[in-house]
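A short worksheet on the structure shown next.
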Amino acid sequence: MSIFCIGRNYVEHAKELGNEVPTSAVIFMKPDAALLPAGENFTIPSFTNDLHFEGELVLRVSNKAKNLTEKHPEGIHVLDYCDAITVGIDFTARDVQNKLKEKGLPWEKAKAFDNAAVLGAWHPLTAEILSGPIHYTLAKNGVTVQTGDSSLMIFSLDKILAGITEYFTLHPGDIIYTGTPAGVGPTAKGDLFEGFFEGQRVFSVKVNP
Ligand code: ZN
């Protein structure tokens with residue numbers, strides 16, 4: 001199973017970190033060991049002093065896909081290739097990432113470490129959901145810290161599938177983190193994170209004290 005992630009997919013988030021708005025999708029990956037097992041607490045790794053939460057919509061791949069732009073010049077139907085959706089967290093060691101970015105190095109140490117990916121319970125993907133906009137929120141200690149709206153994505157879900165499959169083959173079971181809206185911020189020991197998809201709670205994760 002592969003975990004693909006999209007970076008800088010919302011203008012306001014790119015701005016809050018001082019990044020340029022990308023003209024093609026920023027793609028990075030996490031190994032499957034980065035998935036936090038359901039129901040387990042998260043532990044802040046010792047190599048960071050600035051761990052950020054990034055709440056994101058997450059898609060599940062249901063069919064093999066490659067070069068979708070060539071295959072569907074008329075447009076890609078997300079439902080042909082994905083069957084479920086939820087909310088997750090792309091935990092990011094921001095201090096580590098900033099150092100790597102300065103040197104032009106890959107981001108894995110900052111984003112692909114063990115348990116850096118929180119995944120909510122899946123909702124079946126439907127045409128109605130995809131007709132959007134899709135709303136989701138992340139709460140920290142009971143307070144909403146991020147509000148997501150899929151209509152504000154720079155690369156919509158079909159464009160994300162196009163961007164990934166230009167370079168990589170998607171397989172059933174692969175998952176795609178679609179980028180975070182504005183409002184990312186620090187994570188402290190003892191924090192409680194809850195993700196909501198269209199108002200329904202899909203995960204609850206405690207950060208170990
Ligand atoms: Zn992210």
Side-chain angles (χ1 to χ4, degrees), residues 1-36 42 44-45 47-48 50-61 82 85-101 105-120 134-140 144-157 159-161 163-164 167-168 170 174-187 191 193-197 202-203 205 207:
M1 188 258 296
S2 298
I3 304 171
F4 293 89
C5 306
I6 304 301
R8 304 175 190 168
N9 200 21
Y10 291 82
V11 173
E12 292 304 317
H13 171 64
K15 277 191 197 159
E16 75 182 343
L17 295 184
N19 291 318
E20 280 174 28
V21 174
T23 50
S24 67
V26 174
I27 301 168
F28 60 96
M29 295 179 74
K30 300 188 189 231
D32 51 11
L35 265 194
L36 179 70
F42 177 80
I44 298 177
F47 54 74
T48 179
D50 191 20
L51 185 84
H52 272 196
F53 55 82
E54 296 191 353
E56 313 200 355
L57 268 186
V58 188
L59 277 177
R60 184 173 71 192
V61 175
C82 297
I85 190 164
T86 189
V87 178
I89 300 176
D90 164 27
F91 275 122
T92 302
R94 194 70 71 199
D95 46 355
V96 175
Q97 189 194 27
N98 286 340
K99 279 188 202 141
L100 295 169
K101 274 163 65 179
L105 293 171
W107 293 354
E108 277 83 353
K109 286 179 177 175
K111 282 180 167 284
F113 54 86
D114 291 355
N115 298 336
V118 172
L119 187 63
I134 307 168
H135 299 102
Y136 60 104
T137 56
L138 182 71
K140 183 172 94 166
T144 299
V145 284
Q146 288 189 281
T147 301
D149 175 336
S150 64
S151 67
L152 300 177
M153 288 178 168
I154 299 167
F155 298 97
S156 53
L157 300 178
K159 296 283 188 306
I160 288 172
L161 293 178
I164 292 174
Y167 295 87
F168 307 99
L170 287 170
D174 288 350
I175 60 180
I176 305 170
Y177 286 71
T178 61
T180 195
V184 300
T187 304
D191 279 347
F193 288 98
E194 293 165 292
F196 296 85
F197 176 79
V202 289
F203 69 80
V205 170
V207 180

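Numbering starts at 1 and runs along the sequence shown. Indexing begins at 1, ligand by ligand and atom by atom, following the structure's order.
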Restricting to N, O or S atoms of [X], which is nearest to the Zn ion (ligand 1)?
X	answer
Glu56	OE2
Glu54	OE1
Asp90	OD2

Fit a plane to each ring of Phe193 and Phe53, take the angle between them on a 0 to 90° scale, and name the class: parallel (under 30°), tilted (30 to 60°) or perpendicular (over 60°).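 Rings of Phe193 and Phe53: tilted, as their planes differ by 30° to 60°.
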
Over 12 foreign heavy atoms within 6.0 Å of OH, Tyr167: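 12 or below, so no.
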
So how far is it from Leu138 CG to Phe196 CZ, rounded to the nearest 0.5 Å?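 If we round to the nearest 0.5 Å, Leu138:CG and Phe196:CZ are 9.0 Å apart.
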
Can you tell me how far the OH atom of Tyr10 sits from the CG atom of Leu152, to the nearest 0.5 Å?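 With rounding to 0.5 Å, OH (Tyr10) is 7.0 Å from CG (Leu152).
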
